[in-house]
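Data block below; observations after.
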Amino acid sequence: MGADNQQERLIKIGWIVGFVDGEGCFSAGIVRQDDRPGRKGYRLHHQIFHEFAVTQGAKSLSVLEDIRDYFKIGKIYLNKRYDNHKEHLYRYVVRKREDLPQCDNPIF
């Protein structure tokens, strides 16, 4: 990778980190999962739930698309609003455990 490409990549990474710092979150929790027909394997009847998400209004959807395209993982979901706000929200979400970056990833 040339010096120019390296510089552009660092600028993009810096922008994404700053944006996510202000607009994103990582959360983890525990969800109760009782045995159901055709679904077993939760010995303790609980499952760990984890999610990385960034939320934006409809007019900034392209920002979420840029982040998704950069990481090449995750999905964007529409969260329709029916209150007094003027636009719907969109959430870029990564939930698959294998998609979440490892600690040695240079982005984080």
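In what follows, residues are counted from 1 in the order of the sequence shown.
Placement of Val54 and Leu78 within a single hydrophobic cluster is found when ILVMFWY residues are connected by side-chain heavy-atom separations under 4.5 Å, directly or transitively. Put simply, Phe26 and Ile76 are part of the same group of oily side chains (I, L, V, M, F, W, Y) that touch within less than 4.5 Å, one to the next. Neither Phe52 nor Phe49 shares a network with the other; the hydrophobic side chains, linked directly or stepwise wherever heavy atoms of I, L, V, M, F, W or Y lie under 4.5 Å apart, form separate groups for each. In terms of hydrophobic clustering, with Ile, Leu, Val, Met, Phe, Trp and Tyr side chains grouped at heavy-atom distances under 4.5 Å, Val20 and Leu64 are assigned to a common cluster.
Across Arg95, Lys75, Lys96, a single residue satisfies salt bridge (Lys or Arg N to Asp or Glu O under 4.0 Å) together with Glu51, and that is Arg95.
Side-chain contact between Val94 and Phe71 is absent, with no heavy atoms from C-beta onward closer than 4.5 Å. For the pair Ile73 and Tyr92, the minimum side-chain heavy-atom distance is below 4.5 Å.
A distance of 10.5 Å separates CG in Asn79 from OH in Tyr90, rounded to the nearest 0.5 Å. Here the straight-line distance linking atom CG of Leu61 with atom CG of Leu89 works out to 11.5 Å at 0.5 Å rounding.
Here the closest heavy-atom approach between residue Ala53 and residue Arg91 is recorded as CB-NH2, 3.4 Å.
The main-chain N or O of Val63 is never found under 3.5 Å from a side-chain atom of Gln56 such that the two would form a donor-acceptor pair.
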